[in-house]
Amino acid sequence: GVPIIQWKKDAAEDAGLVKIDLLGNRSLGVIRDAVGNLHTNGVKFDESAWEPEDDFATQQALAQGRTMGCFYIESPAMRLLQQKSKVGDFEHLVIHSSIIRPAANEFIREYIRRLHGGQWDPIHPLLAEVLDETFGIMVYQEDVSRAAVILAGFSHAEADTLRKVMSKKDRRHQLADFRNRFFAGAGSRGVSRDQVAAIWEMMMSFSGYSFCKPHSASYARVSFQAAYLKVHHPAEFMAAVISNQGGFYGTFAYVSEARRLGITILSPDINASEVHWTGRDNAIRVGLLSLKGLSAETRVRIVAGRRHHPYRSLNDVLQRVKPAEDEARALIHCGALDSLNPGGNRAVLMWELAGWLKTRSQKPIPRTRNLFDSAADAGACAPPPLPPEEERERLRREFSVLGFLCDRHPMVLFGDTLQQRRTVKAVDLPRHLGRRVCLAGWLITGKVVTTKHGDPMEFLTFEDETGVVETTFFPATYHRFCHMLDRQRPYLLTGKVEADWGAITLTVDRVELIRR
């Protein structure tokens with residue numbers, strides 16, 4: 001019953017229709033699931049009286065950049081901006097959510113300088129009132145339109161068209177005309193050519209994308225809600241972040257962050273794990289969705305099958321869930337069946353699985369009968385005394401299924417090797433400011449950019465069990481080591497510890513693989 005047109009968005013708007021962009025935001029699901037988890041745990045949480053923007057602890061977390069997992073303010077660039085600004089109130093977060101656009105790096109640095117008391121004057125007196133709250137720097141889309149009206153005499157419709165053209169891929173030819181008109185209009189109002197050029201350059205930093213202030217404010221509102229939940233209900237919040245499978249980082253990084261928050265990561269369990277991750281009492285239970293190779297249908301059957309009574313043995317699971325062979329192996333290797341194996345040796349479970357597979361291939365198995373019910377079957381499949389598993393091999397199999405380790409950070413497994421190299425921990429980097437250090441880190445994300453001269457360089461994020469480290473690979477280092485950089489493995493990083501307005505980074509000049 002709803003009329004639908006098949007016009008492109010610009011054509012619809014040109015025809016005089018009102019165009020509204022509806023954005024899907026996975027972080028709303030994170031907040032919904034975290035609050036739902038709280039209600040399930042019996043925690044009273046009244047969303048109608050919730051004012052996270054006024055919560056001091058949340059403001060402090062924002063000012064320190066402790067926002068991994070929080071919508072729109074968890075990227076390395078945003079967390080560094082928060083650390084440099086040292087402010088966590090709502091008004092400044094609205095500014096930061098918009099100024100973080102890719103083409104505004106030099107203006108971000110100037111914004112930080114002015115925020116911390118640096119002297120500044122508006123480029124032109126006509127802009128003083130327009131840009132007063134943002135220290136004379138254009139931050140929002142409206143700033144472009146207002147500057148065009150006030151400085152160059154554009155009509156509001158013309159100024160809005162300029163704002164739209166700046167974000168289009170084919171803007172070059174259209175912008176040339178607007179530039180000429182902007183320079184001519186501003187010049188007729190007594191603005192010097194140097195001033196006009198500086199203002200135009202600032203306006204061009206909005207190329208690609210930018211936010212209007214209401215958009216930025218709505219994002220900041222969601223950011224505050226997420227940050228509040230992380231500060232006050234970390235287990236439920238981090239479980240929701242991982243369950244929604246979104247965000248800037250992968251599950252490995254979020255598990256590490258949860259562990260750094262003092263949260264215990266409980267292994268997947270056939271009788272305790274839900275499909276999604278769940279948090280309670282400062283602990284998180286791994287959800288079945290994180291088991292690689294386990295189909296959605298099998299996850300649902302596992303949860304539905306235990307509603308009336310729990311699983312009692314591996315054979316019980318095989319009979320009632322009917323997993324494929326690779327799914328059964330995944331359940332064993334990740335520890336989901338450890339509670340059914342009092343001896344704790346997963347090799348026993350693998351032996352029983354092999355026996356079940358062999359028996360199944362030889363004769364049909366009645367659905368109402370357990371394979372091990374008869375003495376003959378039990379005798380045929382009873383495992384011999386098996387040596388205990390080698391710990392490193394057990395952990396390797398667990399990691400292959402989950403993509404992380406539940407009881408430890410993988411970096412701790414390289415302790416003997418690292419002790420010989422006298423490496424420093426991430427948490428201790430501030431104590432080595434200005435010095436060259438060697439740090440062992442696990443690569444979790446990265447972003448390649450180009451310099452003004454067109455040379456590639458990269459910003460990479462590493463972590464160890466103590467914290468997260470933002471690193472810079474300038475072009476020479478990037479060219480030398482980019483071929484060996486890959487996710488999900490540890491590296492030795494050598495470089496200089498530096499600080500920019502209190503934000504600590506490592507400028508890397510050498511990389512080595514950690515082998516064992």
Side-chain angles (χ1 to χ4, degrees), residues 23 25 27-28 30-31 51-118 120 130-144 146 167 202-231 247-249 445 447 449 459 461 468 470 472 499-505:
L23 307 180
N25 189 328
S27 292
L28 298 177
V30 172
I31 294 170
E51 294 294 339
E53 295 90 346
D54 297 331
D55 183 69
F56 180 72
T58 302
Q59 292 179 356
Q60 287 293 98
L62 288 167
Q64 296 166 15
R66 294 186 282 111
T67 53
M68 183 178 285
C70 301
F71 167 69
Y72 207 72
I73 55 174
E74 66 165 338
S75 70
M78 194 66 188
R79 288 188 293 104
L80 287 173
L81 174 56
Q82 288 300 119
Q83 292 168 15
K84 294 172 187 177
S85 71
K86 299 180 177 61
V87 292
D89 59 281
F90 180 78
E91 289 73 17
H92 282 96
L93 192 64
V94 175
I95 295 174
H96 298 173
S97 296
S98 188
I99 202 174
I100 199 67
R101 60 187 185 273
N105 286 338
E106 62 180 286
F107 298 107
I108 291 174
R109 294 188 63 82
E110 180 62 14
Y111 164 78
I112 294 295
R113 188 190 70 80
R114 296 180 184 187
L115 175 66
H116 289 297
W120 65 276
V130 173
L131 303 178
D132 183 61
E133 69 171 318
T134 56
F135 305 94
I137 295 172
M138 292 184 186
V139 171
Y140 309 113
Q141 287 184 352
E142 301 95 315
D143 295 339
V144 172
R146 293 166 71 189
S167 63
M202 190 182 296
M203 292 167 66
M204 289 304 100
S205 73
F206 284 80
S207 63
Y209 73 87
S210 58
F211 292 163
C212 60
K213 188 175 182 180
H215 186 128
S216 191
S218 65
Y219 270 25
R221 170 68 173 170
V222 177
S223 299
F224 254 97
Q225 291 178 339
Y228 178 95
L229 289 169
K230 182 179 182 181
V231 169
F248 197 89
Y249 306 91
T445 192
K447 180 180 180 181
V449 299
F459 297 104
T461 304
V468 176
E470 307 301 339
T472 303
D500 184 13
W501 294 104
I504 305 297
T505 59

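This is a predicted model, so every value here is computed, not measured.
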Practice task
Could you grab the distance from atom CG of Leu81 to atom CD1 of Ile100, nearest 0.5 Å is fine?
Solution key: 4.5 Å
Handout entry: Sequence-distant partners of Tyr228, ring-ring contact (aromatic ring centres under 6.0 Å, His included), two or more places apart
Key = Trp50, His232
Problem - Side chain to side chain, His215 and Ser97, heavy atoms closer than 4.5 Å - result: no
Problem - From Met138 atom CE to Ser205 atom OG, the distance as rounded to the nearest 0.5 Å - result: 8.5 Å
Practice task
Please list, chain by chain and in numerical order, all residues satisfying side-chain hydrogen bond (donor to acceptor under 3.5 Å, both in side chains) with Glu110, sequence neighbours excluded.
Solution key: Arg113, Arg114
Handout entry: Closest non-hydrogen atom pair between Ala61 and Thr67, with its separation
Key = O-CG2, 4.3 Å
Handout entry: Non-hydrogen side-chain atoms of Pro52 and Phe90 separated by less than 4.5 Å
Key = no
Exercise for the section: Report the residues that fulfil ring-ring contact (aromatic ring centres under 6.0 Å, His included) with Phe459, sequence neighbours left out, ordered by chain and then residue number. Expected result: none
Practice task
List for me each residue that meets side-chain hydrogen bond (donor to acceptor under 3.5 Å, both in side chains) alongside Arg146, sequence neighbours excluded, and say none if there are none.
Solution key: none
Exercise for the section: Kindly indicate whether the side chain of Val30, heavy atoms from C-beta on, has any atom under 4.5 Å from the side chain of Phe71. Expected result: no
Handout entry: Under the ring-ring contact (aromatic ring centres under 6.0 Å, His included) test, residues paired with Trp120 that sit two or more places apart
Key = none
Practice task
With sequence neighbours excluded, tell me which residues meet salt bridge (Lys or Arg N to Asp or Glu O under 4.0 Å) with Asp89.
Solution key: none
Practice task
Quick one: closest heavy-atom pair of Lys84 and Ala503, and the distance?
Solution key: CG-CB, 3.7 Å
Fill in the blank from the handout: salt bridge (Lys or Arg N to Asp or Glu O under 4.0 Å) filter on Glu91, not counting sequence neighbours, yields none
Practice task
Apply side chain to side chain contact (heavy atoms under 4.5 Å, CB included) to the pair Tyr140 and Ile95, showing each step before the final yes or no.
Solution key: CA-CA 8 Å; Tyr140 309 113; Ile95 295 174; 3.3 Å; yes
Fill in the blank from the handout: Shortest non-hydrogen pair, Ala63 vs Gly88, comes out as CB-N, 3.7 Å
Handout entry: salt bridge (Lys or Arg N to Asp or Glu O under 4.0 Å): pairs with one or both residues in residues 211-222, sequence neighbours excluded
Key = Glu53-Arg221, Glu133-Lys213
Handout entry: Flag side-chain contact, heavy atom, 4.5 Å: Leu93 against Met78
Key = yes
Handout entry: Nearest atoms (heavy-atom pairs only) where Lys230 meets Cys70
Key = CD-SG, 4.1 Å
Practice task
Sort and list the pairs that fulfil salt bridge (Lys or Arg N to Asp or Glu O under 4.0 Å) and have at least one residue in residues 54-72, not counting sequence neighbours.
Solution key: none
Exercise for the section: For the pair Lys86 (side chain) and Trp501 (backbone), establish whether a donor and an acceptor sit closer than 3.5 Å, ignoring hydrogens and angles. Expected result: yes
Fill in the blank from the handout: dist Leu80:CG -> Asp500:CG (nearest 0.5 Å) comes out at 8.5 Å
Completion exercise
Note: Ile73 and Leu62 closest approach over all heavy atoms is CD1-CD2, 3.1 Å
Problem - Those residues that, when tested against Glu470, pass salt bridge (Lys or Arg N to Asp or Glu O under 4.0 Å) (two or more places apart) - result: Arg79
Handout entry: Spacing of Ser85 atom OG and Ile108 atom CD1 [to the nearest 0.5 Å]
Key = 11.0 Å
Handout entry: Selection residues 92-112 - residue pairs positive for ring-ring contact (aromatic ring centres under 6.0 Å, His included), sequence neighbours left out
Key = His96-Tyr111, Tyr111-Phe135
Handout entry: Results of side-chain hydrogen bond (donor to acceptor under 3.5 Å, both in side chains) for Thr134 - residues two or more places apart only
Key = none
Exercise for the section: Output the distance between atom CG (Leu229) and atom CZ (Phe224), rounded to the nearest 0.5 Å. Expected result: 13.0 Å
Practice task
Look at the aromatic rings of Tyr72 and Phe211 and report parallel, tilted or perpendicular, splitting at 30° and 60°.
Solution key: tilted
Fill in the blank from the handout: OG (Ser98) and CD (Glu142) are apart, to the nearest 0.5 Å, by 8.0 Å
Practice task
Could you pull out the closest heavy-atom pair between Leu115 and Val87, with the gap in Å?
Solution key: CD2-CG2, 4.3 Å
